[in-house]
Amino acid sequence: MSLGSLIGLSFCLFCIGVFGLLTRRHVIAMFLSIELMINAALINFVAFAHYGVTGIDATAGNVFPLFIIALTSAEMAIGLAIIVALFRRTQTLDVESLTDLNG
Amino acid sequence: MEIVDILFYLFTIIIIGCAILTVTLKHVLHAAICLMFTLFTTGALFLLMNAEFVALVQVMVYIGGVVIFIVYAILLTTDLGEKFLPVPPAKRAMAAVFTLLIAGIMTFLLSSKIKLYSDPLEDRVNQSPEVTMVMEQRDPNYEKPEFPTVASIGERLLRSDTMGFLIPFEVISVILLAALFAASTIARKSKREEEAAA
């Protein structure tokens with residue numbers, strides 16, 4: 001386990017997330033892909049805190065993931081509330097048919 | 001090969017495998033369960049990196065909160081016998097090309113730094129000298145922790161000087177409260193819908 005291999009892992013995870021976000025048609029499934037990408041960023045933060053350059057502050061590096069997790073949960077709460085309201089209005093969660101804002 | 005390395009490769013295989021299942025499984029509920037496994041194994045990986053508090057928060061907030069919430073949203077919005085949304089192969093191929101493009105750009109940017117990242121850094125300092133100095137002034141018996149403990153993270157979160165995170169900590173609590181109100185307001189049935197249902 002080295003910093004390089006951890007960066008490689010988070011890199012693969014991020015790319016899988018991008019692929020899922022682009023291919024999925026279900027709104028909640030797209031949310032799951034976003035979660036994967038955020039998780040990749042978290043791995044990067046913790047890896048750099050652990051294998052940081054000499055003199056770096058690992059405690060501060062561990063505080064940042066906490067803020068990211070808190071913000072993500074807030075984002076998920078609002079996003080899923082919007083999804084529930086959307087489903088109640090339109091009875092579908094297919095992004096191909098949600099074209100009300102298409103201009 | 002050390003035990004840490006074996007565990008790391010095991011966790012990597014589980015994380016990547018479950019992540020691929022998350023984006024490819026047809027049923028959204030199954031994908032959410034796979035995401036749960038991914039997040040849990042990432043928590044285990046955080047433990048390997050001595051980040052015990054982040055691992056705890058990951059399991060408690062992500063798996064206990066976010067994923068359960070997603071599962072509730074899936075159950076609220078979809079029928080279990082719902083027809084799946086097919087993805088045309090052309091779109092899938094286009095997404096794969098775009099992903100490979102991003103992967104190529106990132107590999108190009110990282111390749112110049114790869115030597116820096118693969119050096120073993122045994123002699124690392126986990127705490128900035130200023131923090132150690134302040135803590136030693138406060139407590140003569142203070143010993144610098146080997147890795148960020150719950151105590152050191154809590155200490156940092158509530159410090160109000162330049163080394164602390166007090167203001168972001170307070171702001172995030174306000175944001176969480178606002179998100180709570182916003183989510184319940186958005187998801188609530190409007191009066192018009194209630195009358196239509198009655």
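Lettering follows sequence order; numbering is per chain, from 1. Worth saying up front: this structure is predicted, and the values here are computed from it rather than measured.
At a 4.5 Å heavy-atom cutoff, the contact between B/F165 and chain A is made by backbone and side-chain atoms alike. For a residue to count as touching a neighbouring chain, one of its non-hydrogen atoms must lie under 4.5 Å from one of that chain's; by this rule B/L45 touches chain A with the side chain only. Looking at B/T107, both its backbone and its side chain come within 4.5 Å of chain A, counting heavy atoms on both sides. Both the backbone and the side chain of B/I70 have a heavy atom closer than 4.5 Å to some heavy atom of chain A. Within the 4.5 angstrom heavy-atom criterion, atoms from both the backbone and the side chain of B/I16 approach chain A. The parts of B/I20 that come within reach of chain A are both its backbone and its side chain, each placing non-hydrogen atoms under 4.5 angstrom from that chain. For B/L48, the parts lying near chain A are the backbone and the side chain together; criterion is any non-hydrogen pair under 4.5 Å. Heavy-atom distances place no part of B/E2 under 4.5 Å from chain A, backbone and side chain included. Heavy atoms closer than 4.5 Å to chain A are found in the side chain of B/V61, but not in its backbone.
Of the listed residues (B/V67, B/I102, B/L100, B/I153), the greatest number of heavy-atom pairs within a distance under 4.5 Å of chain A belongs to B/I153. Counting heavy-atom pairs under 4.5 Å between each of B/F11, B/F98, B/Y72 and chain A puts B/F98 at the top. The candidate with the highest count of non-hydrogen atom pairs below 4.5 Å against chain A, out of B/T12, B/T38, B/T42, B/L76, is B/T42. Of the residues considered (A/A77, A/G61, A/P65), A/A77 shows the highest number of contacts with chain B, using heavy-atom pairs under 4.5 Å.
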